[in-house]
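Input: a single structure, listed below in structure tokens.
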Amino acid sequence: MYKKTELDRDTVMENYARAKERYAAFGVDADSALKKLSTIPISIHCWQGDDVAGFEGASGITGGGIMATGNYPGRARNVDELRSDYEKACTMIPGNHRFNLHASYLDAPGKKIDRDEIEPEHFRSWIEWARTKNIALDFNPTFFSHPKANDGYTLASKDPGIRKFWIEHGKRSRKVAEELGRELGSPCLNNFWIPDGSKDMPADRLGHRKILISSLDEIFSEKLDENHTIDAVESKLFGLASEAYVVGSHEFYLSYALSRGVLLTLDAGHYHPTEQISEKISAILPFTNRLMLHVSRPVRWDSDHVVILDDWTRNIAIEIKRANAFDSVFIALDFFDASINRIAAWVIGVRSTLKALLYALLEPSQLLREEEESGRLAHRLALMEELKTMPFGAVWDRHCLDAGVPVGAAWLSDVEEYEKTVLRKRNA
Ligand code: RNT
Ligand code: ZN
């Protein structure tokens, strides 16, 4: 069993000093990398805390082609529990980050507010909470876990009544996002993902896509101040029960985003199994100037496993760094694992994403490019491999120390304690 071991301050500082020299030999300044890392906000999703259940009375996600699997005890069941769980996670995560809400996480106790009735007021307590934490909020309309989404289509439905309901939800979500952004002084990214599609071969692919275009155009027809909110659309390849056809495919939303000037969201789990979104960044950015990412980990399918420091995540960070696009590529997380301690899931996912960013910031990108341009391709490959065993961990430890969060695996004991004293006392 893991026994808590603490690296003392002096050891962290000494290790860092040595690591700094090693990186300096490649022309990389570790101090600047750390400085830069502390300025990059990650949009951390609320839905890892409660298996995407939300506060409308559901005990878990229903429909929509996504699924949270597992029944680890201690899921947050209400606003207060979700907030305190998240606050606990933050004590183990370096940096100041954003919090990403879904419309289904409204705070309207005792009232039944349907999706076409949401108002900024229902998110007032989130604004107050965020203000006291000095963080900004992002938002997502919720087009799943609802009886009106049960037939597989929402905004792309051929039923005018269903369509009208969801268009109203989309419009209202923009008003909420606008208020969150205005009140908290930072543009709220409002991400539209809809589950629409079909289990088996449709007879009319084009029809639904034309309907989706007109629904989205209607939702986005009112111009809102981008200082307050920025609309985004997220594509997908397939979902559970939408295996044969997804209306909002990659080509659909790429074209929509380019022609309408809205933000495009690339989710790491929404492509063919070997297709990496890192490769798409440099292909799309020159045309859009900005992008949103859902960093996730697909295991064989869009399984939304907890993000780890794997090649995929590292490649995403490296591409953003090489393009010097930290201000124009917005990094959000999207995973939900109900089979392990949910606070640990948050901490592992965010820390791993930050590690990937730090790894990228410590890359001697200019040197690699020079080797490439002068045809020394073996050097390029060799250096990329050598970089993997550089004392990267010593720089990461220093980052945690500076940020006042546990160094190394020491945070595990904190999670264990919280599980014992808080989570295990909740009756699921
Ligand atoms: C679903 C999309 C979407 C959701 C969240 C909960 O496949 O990835 O982003 O995971 O909105
Ligand atoms: Zn996503």
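Counting convention: from 1, in listed order, for ligands and their atoms alike.
- Under 3.5 Å, the side chains of T154 and D196 contain a donor-acceptor pair of N or O atoms.
- Applying the salt bridge (charged side-chain N to carboxylate O under 4.0 Å, His left out) test between E419 and each of R342, R424, R426 identifies R424 as the sole match.
- Qualifying salt bridge (Lys or Arg N to Asp or Glu O under 4.0 Å) partners for E56, counting only residues two or more places apart in sequence or in other chains: R115.
- Without hydrogens or angle criteria, T91 side chain to K88 main chain gives a donor-acceptor distance under 3.5 Å.
- Scanning for salt bridge (Lys or Arg N to Asp or Glu O under 4.0 Å) contacts around E372 gives R380, with sequence neighbours left out.
- Side-chain N/O atoms of W129 and E87 include a donor and acceptor closer than 3.5 Å.
- Scanning both residues, R351 and V405, for their nearest heavy atoms gives NH1-CG2, 4.2 Å.
- Sorted by chain then number, the residues whose non-hydrogen atoms approach ligand 1 to under 4.0 Å are W47, I66, H102, W193, E234, K236, D267, H270, H294, D302, D334, F336.
- Protein N/O/S atoms closer than 2.8 Å to the Zn ion (ligand 2), listed by chain and residue number, are E234 OE2, D267 OD2, H294 ND1, D334 OD2.
- Counting all heavy atoms, side chain and backbone alike, F144 lies closest to G64 at CB-CA, 3.8 Å.
- Although no hydrogens or angles enter the test, the distance criterion places a donor-acceptor pair under 3.5 Å between the side chain of H146 and the main chain of K148.
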